[in-house]
*Asks:* 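I have a structure here, written as structure tokens, and I will follow up with some questions on it.
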Amino acid sequence: LIFMNKIKNVNLDKCDLNETNLTGTSLKGIDLSSCYFEQLTLDKEDLNGCTVNTEQAIGFAGLLGLKIKER
């Protein structure tokens, strides 16, 4: 549980963050690209400035209200 905290200078390399509550926690400057999660609880504003991999970006697109259409 990382609810409404400030995290800085944190290395989240290959962490299991599944079902973690990050609500109110800015992820700016945090690299989640190697982390595992199927479900996170957070606000879309919390994602601003974080690094994610392609698969994670597709998952977060729904939170941002985006619809993805393949060509």
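This structure is a prediction, so every number in the text was calculated from the model and none was measured.
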*Asks:* How many angstroms lie between atom NZ of Lys28 and atom CG of Leu47, to the nearest 0.5 angstrom?
*Replies:* 13.5 Å
*Asks:* Can you tell me how far CG of Leu42 sits from CG of Asn21, rounded to the nearest 0.5 angstrom?
*Replies:* 8.5 Å
*Asks:* Please list, chain by chain and in numerical order, all residues satisfying side chain to side chain contact (heavy atoms under 4.5 Å, CB included) with Asn11, sequence neighbours excluded.
*Replies:* Asp13
*Asks:* Distance from Leu32 atom CG to Leu22 atom CG, nearest 0.5 Å?
*Replies:* 7.5 Å
*Asks:* Would you give the length of the straight line joining atom NZ of Lys14 to atom SG of Cys35, rounded to the nearest 0.5 angstrom?
*Replies:* 11.0 Å
*Asks:* Can you tell me how far apart CD1 (Ile58) and CG (Leu66) are? Round to the nearest 0.5 Å.
*Replies:* 11.5 Å
*Asks:* Which residue pairs pass the side chain to side chain donor-acceptor pair (under 3.5 Å) test with at least one member in residues 38-48, sequence neighbours excluded?
*Replies:* Tyr36-Glu38
*Asks:* If we only count heavy atoms from C-beta on, is the Thr20 to Phe37 side-chain gap below 4.5 Å?
*Replies:* no
*Asks:* Calculate, to the nearest 0.5 Å, the distance between atoms OG1 and CG belonging to Thr51 and Leu12 respectively.
*Replies:* 11.0 Å
